[in-house]
Structures are given as C-alpha cells and as structure tokens.
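Nothing fancy with the numbering, it's 1 onward along the sequence.
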Amino acid sequence: MDLRDTIREKSKAALAESEIARRIALASEAHPDEEQGKPTLLRLAGELELLIEPARRLVRKIDIPQAQNPQTIILLPGFGHGPNRMRYMAQQLEAAGHRCKRWGLGRNWGVAAEAMERLEARLVDVVERYEEPVALVGWSLGGLYARELAKRHPVCVSKVITMGSPFSGSPRANNVWRVYQAITGHSVDAPPIEADLAAKPPVETIALWSANDGAIGPRSAAGKPGERDRAIALRCTHSGFTYAPQSILTVLNELDRPKLG
C-alpha cells in the first residue's frame, strides 16, 4: 500500500469514527420536556408479549366477517420491520375478501426522500394496475408514510388507517426516538423530506391508538380533532396492532364503513 492509499484509508476511518460519534450524540440528546407523555418502562416491558404470539396463533381463531366493500390495500410496516411483519394481518384481511399488497420497500429504516419517491411510484403503480384508489393501512412509522402519501396523491387513496403512529404532538413523546436518530442519522423533528405530520390528509383518516402501547405515547397516536377524522381506542400493545384480534377486526370494520360525506 503506497502513501496515498494509506492516507485514503485513514481518512475513511476518521470519517467513520466521526459519523459514529455524531449518531451517538443524536441518541444522547436531552429533551425531558418533549418526552412528556411517553409510555412508562412497565408499558414498554409489556411489549415482550410478542414473544408468546407464535404460540397464541396455534390456538387462536378469529371470526373474520366477509367484507361488504372488498378493496385493494397497501400495508406499510413500522420502523425496522418489513412486509413479513404485516403478513398475519394481510392473511386475515384477505380472508375477508380484500386484496393486500406489500409496500415494496423491504424493511422500513426511517424517513428518506428516496424511499418516499419509491413509495409514491408504488402507490401509482398499484392504482393503475387495479384501476381503483387504494386504502393505506400503516403501522407506527408506516402510518406516517401513509398520511404523507395521501397528502401528495389524494386521488389515489380511498382511506388512511394508522395504527400507533406518532403524528401528533412532540415527536419525542415515545420510547424509540433515540434509537431512530442513531440509526437514521437525523433528528425526529428534522426529517429529510418536507412534511407536516399533524396536518390531516384530504381523505378519510382513522387513527387507532392504545393506552397499553409501550412504544408510542397514546396522545401522539390518537391525535387531536382536525388532525384525523376519528380516533379509536384499542387494548393492545404497540406490536399488537399488527396481530391482535381487536386490531384486525377494527381495521376490517373501518374498511367497510361508508366514506364520509
């Protein structure tokens, strides 16, 4: 290795160390006032029920009603998760007669301009293929993407249903913002796309929230009047939004509700 290669390698190492230090600093920020309303550590520990979910499915039977209004749905996963995380819900919605499509981006590693562009293209492609507007059902961060998609392409979206999505109030009223900032490299209040999270999309928008949510503050997920059309309280954990019978049946019921207006 010549001198120039040595200098180049040292520069890369220095940049890598600098980037790691920057991300550690992002995860270590102190915002006590903005964190007010986040779930307690006891609620967070309740998320461990996810570990016994596979056993529950062996004996669980959900009485799935047949859809009165079968439609095409795009399911959007939460931060750090991909389509497989939404598969169980997709199976139940399809058993009712709906058509479920993946969001097409693999794992959700945070907000990014490129990801938003790809998601917009995916939405338009699905709408053109099936010749009808689609319903967007998004869990956690996936719900934020769903709301922004509906704002950008309202003619392509029939309805938005968010599940434990922190669109209202402080973006730090939750137990995941530090991990999010460390992984994405940007602050939760400075995403790399233009977005007004609290602004309601110009389509019917329903927010599912739970007081048992161990990740997201309930007020952030429920929102305020004017930020969504309806807020519906469930009794499930944050992870449970994707598999709890109450969550699945509520989504089915909301899909069958006639459009507002």
Side-chain angles (χ1 to χ4, degrees), residues 31-57 60 62-63 75-81 85-86 88-89 92-93 108 135-147 159-180 188-189 197-201 204-257:
H31 298 278
D33 292 339
E34 295 180 41
E35 288 188 300
Q36 291 184 11
K38 72 177 184 179
T40 64
L41 291 179
L42 183 60
R43 291 291 188 201
L44 181 59
E47 296 295 327
L48 292 175
E49 76 149 28
L50 174 66
L51 299 177
I52 63 174
E53 171 59 16
R56 286 177 172 174
R57 291 182 188 177
R60 175 188 294 149
I62 306 177
D63 188 11
L75 295 173
L76 298 89
F79 180 60
H81 297 276
R85 191 67 170 76
M86 309 299 290
Y88 182 73
M89 173 170 279
Q92 310 312 311
L93 300 186
N108 185 346
L136 301 178
V137 178
W139 171 49
S140 199
L141 179 59
L144 301 187
Y145 265 120
R147 288 172 61 96
K159 183 175 296 190
V160 171
I161 300 176
T162 61
M163 305 183 295
S165 300
F167 62 86
S168 183
S170 169
R172 292 186 173 86
N174 57 73
N175 286 316
V176 297
W177 71 269
R178 294 182 187 278
V179 174
Y180 179 89
V188 289
D189 52 4
L197 298 182
K200 193 189 88 67
E204 186 176 8
T205 304
I206 302 96
L208 308 188
W209 65 279
S210 173
N212 295 334
D213 194 319
I216 304 300
R219 290 179 183 272
S220 293
K224 303 173 184 177
E227 296 177 343
R228 40 53 177 175
D229 292 298
R230 289 192 305 285
I232 302 175
L234 304 184
R235 296 177 63 85
C236 65
T237 62
H238 188 68
S239 297
F241 280 112
T242 65
Y243 58 74
Q246 184 189 29
S247 177
I248 291 168
L249 292 173
T250 300
V251 169
L252 285 170
N253 182 64
E254 290 303 313
L255 290 170
D256 266 345
R257 284 178 65 106

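- Here the side chains of Asp213 and Arg43 are not in contact, with every heavy-atom distance at 4.5 Å or above.
- Every residue two or more places apart in sequence or in another chain that forms a side chain to side chain contact (heavy atoms under 4.5 Å, CB included) with Thr242 is listed here: Arg85, Met86, Trp139.
- Side-chain atoms of Arg228 do not come within 3.5 Å of backbone N or O of Ala207 as any donor-acceptor pair.
- The CZ atom of Phe79 sits 13.5 Å away from the CH2 atom of Trp177 when rounded to the nearest 0.5 Å.
- When all heavy atoms of Ser140 and Ser165 are compared, the closest pair comes out as O-OG, 2.7 Å.
- Pairing each heavy atom of Pro39 with each of Ile216, the nearest pair is CG-O, 3.5 Å.
- Among all heavy-atom pairs drawn from Val176 and Asn174, the shortest one is N-OD1, 3.0 Å.
- For residues 230-247, every residue pair satisfying the salt bridge (Lys or Arg N to Asp or Glu O under 4.0 Å) rule, not counting sequence neighbours, is listed here: Glu204-Arg230, Arg230-Glu254.
- For the ring pair (Phe, Tyr, Trp, His ring centres under 6.0 Å) test, no residue two or more places apart in sequence or in another chain qualifies with Tyr243.
- For residues 215-227, the side-chain hydrogen bond (donor to acceptor under 3.5 Å, both in side chains) pairs, not counting sequence neighbours, are Ser168-Glu227.
- For the pair Arg147 and Phe167, the cation sits on the ring face: its NZ or CZ lies under 6.0 Å from the ring centre, inside 45° of the axis.
- Legend: residues meeting side chain to side chain contact (heavy atoms under 4.5 Å, CB included) with Asp256, ordered by chain and number and at least two apart, are Ala67, Gln68, Asn69.
- When side chains are defined from C-beta on, Met163 counts as touching Val251, because their heavy atoms get closer than 4.5 Å.
- For the pair Asn108 and Leu141, the tightest heavy-atom approach, listed with the atom from each and the gap, is OD1-CD2, 3.3 Å.
- Partners of Trp209 under the ring pair (Phe, Tyr, Trp, His ring centres under 6.0 Å) rule, at least two apart in sequence or in another chain, do not exist in this structure.
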Could you give me the CA-CA distance, side-chain angles and deciding distance for Ile206 and Ile232, then say whether side-chain contact (heavy atoms from CB on, under 4.5 Å) is met? CA-CA 8 Å; Ile206 302 96; Ile232 302 175; 3.8 Å; yes
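- The minimum heavy-atom distance between Pro218 and Ser210, with the atom names listed, is CG-O, 3.7 Å.
- Annotation: the span from Leu234 atom CG to Thr250 atom OG1 amounts to 4.5 Å, rounded to 0.5 Å.
- Partners of Ile248 according to the side chain to side chain contact (heavy atoms under 4.5 Å, CB included) rule, which considers only residues two or more places apart in sequence or in another chain, are Ile62, Ile64, Tyr88, Met89, Gln92, Leu252.
- Tyr180 meets the side chain to side chain donor-acceptor pair (under 3.5 Å) test with His186; sequence neighbours excluded.
- To the nearest 0.5 Å, atom OG1 of residue Thr237 and atom CG of residue Leu48 are 10.0 Å apart.
- Between the NE2 atom of His81 and the CG atom of Leu76 there is a distance of 14.0 Å, given to the nearest 0.5 Å.
- With sequence neighbours excluded, no residue forms a side chain to side chain donor-acceptor pair (under 3.5 Å) with Gln246.
- The salt bridge (charged side-chain N to carboxylate O under 4.0 Å, His left out) check on Arg172 picks up Glu29, Glu34, Asp189, with sequence neighbours excluded.
- Annotation: the span from Leu255 atom CG to Leu93 atom CG amounts to 6.5 Å, rounded to 0.5 Å.
- Interatomic distance, Ile161 CD1 to Leu136 CG, rounded to the nearest 0.5 Å: 9.5 Å.
- Shown here for Ala222 and Ala231, the closest heavy-atom pair between the two residues is O-CB, 3.5 Å.
- Open room surrounds CG on Leu41; 12 or fewer heavy atoms of other groups in view lie less than 6.0 Å from it.
- Remark: Ala45 engages no residue in a side chain to side chain contact (heavy atoms under 4.5 Å, CB included) (not counting sequence neighbours).
- Listed by chain and number, the residues in a salt bridge (charged side-chain N to carboxylate O under 4.0 Å, His left out) with Glu35 are Lys38, Arg178 (sequence neighbours excluded).
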